[in-house]
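Let me begin by presenting the structure, written as structure tokens, before commenting on it.
The analysis underlying the following values was restricted to heavy atoms, covering all of them including side chains, and did not include hydrogens, waters or symmetry mates. Every chain is numbered from 1, with letters handed out A, B, ... down the list of sequences.
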Amino acid sequence: MTLFFAVLTPFVGAALVALASRLGRSHSAWAAGAVTLASLAFLVPLFSLPFAGETLIQQHDWMPALWLNLAFRLDGLAMLFAGLILGIGLLIIVYARYHLSERDSMGRFYSYLMLFMGSMLGIVLSENLIQLLIFWELTSLSSFLLISYWQHREEARQGARMALAVTGLGGFAMLGGFLLLGHIVGSYELSDVLASGDHIRAHPLYVPTLLLILLGIFTKSAQFPFHFWLPHAMAAPTPVSAYLHSATMVKAGVFLLARLFPALSGTPEWFWLVSGAGLATLLIGAYVALFKHDLKGLLAYSTLSHLGLITLLFGLSTPLAAVAGVFHIMNHATFKASLFMAAGIIDHETGTRDLRRLHGLWKFMPYTATLAMVAAAAMAGVPLLNGFLSKEMFFAEAMQISQNHIGGWLFPALVTLAGALAVAYSIRFIHDVFFNGEPVDLPRTPHEPPRWMKVPVEILVVLCLVVGIAPALTVAPLLAVAAQSTLQTALPEYHLALWHGINPALIMSLIALTGGGLIYLARRPLFAWHERHLDRLDARVVYNALLNGLIVLARGITRLIDTGSLQRQVFLTLIAALVLGISPWLANNAPLTGSRSGLPLDAVSLLAASALIIATLATVWLHKQRFIALITIGVVGLVVSLAFVKFSAPDLALTQLSVEIVTIVLLLLALYFLPQHGAAEKSPGRAWRDGAIAVTAGAGTAALAWAVLTRPYDTIAGYYLANSVPGGGGSNVVNVILVDFRGYDTLGEITVLALAGLGIVAMLQNLHLPAPTQDGSGRLWDHDTHPTIMATLTQILLPLALLVAVFILLRGHNQPGGGFIAGLITAVALIVQYLANGTHWTHQRMPSDSHPLIAWGLAIAAGTGLASWWFGAPFLTSTYGHLHWPMVGDFELASAMAFDLGVFLVVVGATLMILLNLGGLHHTPPKHRSPH
Amino acid sequence: MEALISLVIGVLTAGGVFLALRGTTFPVVLGLTLLSYAVNLFLFIMGRLAIGVPPVIRAAAEGYSDPLPQALVLTAIVISFGMTAFVIVLALKARSELGNDDVDGLHHDEDRHR
């Protein structure tokens, strides 16, 4: 799992870097560099594989049934991107050390940067699409942290929020797209997806799939009409922009275009959507970049434009265009990262990024100026630099397409215009900043930056030159394998060289270069025209309007449903349940009564049922006389447990009976602190309305119960009945299900019970309620000591009750009983001591803290489960054996009994904890409620 | 017998629903208790009604009732207790904080305390 470790390293590194920052400012930079190198060290030895034409796939099954696996892939394209991410990342780490000021937290910066780097690596190295998407979302989140790094600035917070909203929306759409893709292909593995391109394109779900995936790609790579977030993300520190908005984050979208190229490209839908969005972004970006007065703004829009160019190339769908696209990804990353860094140096040394104030810097920093000029020339596509080569390929493809396709000369004309605009803004970048008169009112006197701030720029600029001059000797093999793995087929014929002879592409380049120069010369009237007509256009206005509209709508809907009244919420929930429950009855005309013959009615049952019904009605009728209602509801509970006795469920009967007792004690304790009588209804009609709902619900449930009971059924219980003794070693099937077959569920349930107990204790902390002085009928509360006969009897009975509990616990595996029931019986036996003898008396004789019981119970239950791992079996596997005990005879012992002991302890602990804390409220010193 | 059980479940549901819709906490807790009886019985009868055949393996047994709904309901009963306890303590907390036992947590008798 080398690839997995390569991706994991930056995530682990994020924590290390944050720790290292405590040692000093430079330490986190060193740590970040070391982490990046470690990740590279995992990958570099594997780089020989893609060059040998192999694709490395490392896979670890997670949920194969859902096609969810941890799977990584290293091929040419992944290698290219991993190299860019880690290589440029390393340069950024060096650069940022000098760029960030004393006030900025280094640890936080590098920690976020590592998180982002890991997420990016995860995207490009993923083989599983869902896994890819998770990393995709992680880049959105970590870039949010990076963009908002200067949290005190409002535009940083806004920019980060906008980037997250737009890319998050896209990520959500892409999840849908990937799910559809998985549905079409029958796998989320890229290898399978890439191999079934024809099948995908022919599938009826192709268009929705494509639309959803493109939505994700376009938002991430800031393609029109989602381009507006990128310029606002420039509020990030410059190293972040240099990293995220040149080489990585925004390249994730085009990476995916390249990755899914064999699976999705080649259809008219793909052509028009992808190249359309690309062309629009190319032109808009190039046009707006020319007019930006902010140095980083200019670069941001130029980035948009270049991303549009790459998107357009992939949209054209020809193999050669895809090769050009991959090539331009590499070139753009190198020259744009160096330009951002140069802009950061200028900002750092002069204190401003305003192009109207920055002039004539050549005098102050000739070295930096030279570097920036070379990089800008690459951006403009000047020969001898890498940008020229890929732009030339782009122009050639544009010509090619215009011959085969619709549009005639319009398309080449438009791309040449975009090229000319690129030349114009590149000239502006160079001429305005380094020449063009004297600087205007700079906050600082500029000079050359520290040595190591220039080194990363130098490296990138040298790369631009070397690739531009001798492409065949340098970049050709890498481009070949990257393009090969993008296309997944044989490479088209192409030739990387400076000179291809005089051809249309060269002519277009020349037109673009001259045209760009002319546009720059005519910039003054153009600026005036732009400012008069177009400057106010801002997609952010639309975005804000949409966002506000959405928020208003959401608030409206919330207000409509949630009026802040819980009573109304219960009402709406019940109405919804009724509608859902009744509608199938209306749609279905099967007879209500089924074919199964019933049991005969007997007098005792009739009597018990009548008692239950009368008690229920009495509870409802008398609910305002709360004490009486409590007695009647107790009757209901008792009859329910009798029903369990009658219908062959002894375990349930025992449980219900003991729960009934603790419930009534609980409600009695609570009633002590609540008003003894209910208030009048808020409105007179409400009782009738609720009555109608209640009767409908009751009738519906009764009808459903009847329909079920009169129908025959198949049960899966046969398995449990057959395997209970041979498999679980117990003859009480219900108990064996609880502690063995479904032991995991039971573990969850006792955890819930423990949490409920703890939650109650937490809520009762510092709770002060005025104790009533008289009961519901106005009589004074009796402060008598506890009744002697009851006190004495319960003391005698306690050992007996505990003995019964132990008996019930031990026999539970084979006879009705078990941990739940024994726990409840024990709790009742102990509670009775409190009732009869008082809290004070009992506390002196018994430990009152039930936390350890719960803790031990959970530990034993979970420990039983873990113990099976020791024997190499899955969690909670049970075993049993027979023991011969002299005098008693053969004795069966199952490991599930230990589990049941855990259940027992938790039930005892939680029940005691709840009741004792509630009972103890009475004894907290009464404090007068503060008047308010 | 089936009709009787269905009727019992219906009555319990109706009573539970009516009480759950009241405006003060104590009847709501009573209503939830009634509803959990109804739900537990309803789940239980999914295994149909059978008399004298508990799901405990014996050599002489004529048959067994369905153990699966029983196991389901057993834990449900205990969890219902936990839930009831939680809700009633929540009600006490609300009364202590707001001075009334209204489910909506209104401050309506603040004036009276002044």
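You'll find the side chain of Phe820(A) stays beyond 4.5 Å of the side chain of Asn735(A), heavy atoms only. No side-chain heavy atom of Thr616(A) sits less than 4.5 Å from a side-chain heavy atom of Tyr37(B). At a threshold of 4.5 Å between non-hydrogen side-chain atoms, the residues Gln567(A) and Val28(B) do not count as touching.
No other option in Leu617(A), Leu669(A), Leu671(A) has as many heavy-atom pairs under 4.5 Å with chain B as Leu671(A). Ranking Asp651(A), Val662(A), Thr710(A) against chain B, the residue ahead of the rest is Val662(A), based on heavy-atom pairs under 4.5 Å. The most heavy-atom pairs under 4.5 Å with chain B, out of Ile760(A), Leu630(A), Val636(A), Val645(A), come from Ile760(A). When the candidates Val695(A), Leu654(A), Val639(A), Leu704(A) are compared by the number of heavy-atom contacts under 4.5 Å with chain B, Leu704(A) comes out ahead. Heavy-atom pairs under 4.5 Å with chain B were tallied for Gln815(A), Arg596(A), Arg742(A); the largest tally goes to Arg596(A). Heavy-atom pairs under 4.5 Å with chain B peak, among Tyr720(A), Phe644(A), Phe571(A), at Phe644(A).
The side-chain tip of Arg48(B) points at the ring of Tyr713(A) from less than 6.0 angstrom away and within 45° of straight on.
Only the side chain of Phe42(B) has a heavy atom closer than 4.5 Å to any heavy atom of chain A. No part of Met83(B) comes within reach of chain A, as not one of its non-hydrogen atoms sits under 4.5 angstrom from that chain. For Leu612(A), the part lying near chain B is the side chain, with the backbone staying farther off; criterion is any non-hydrogen pair under 4.5 Å.
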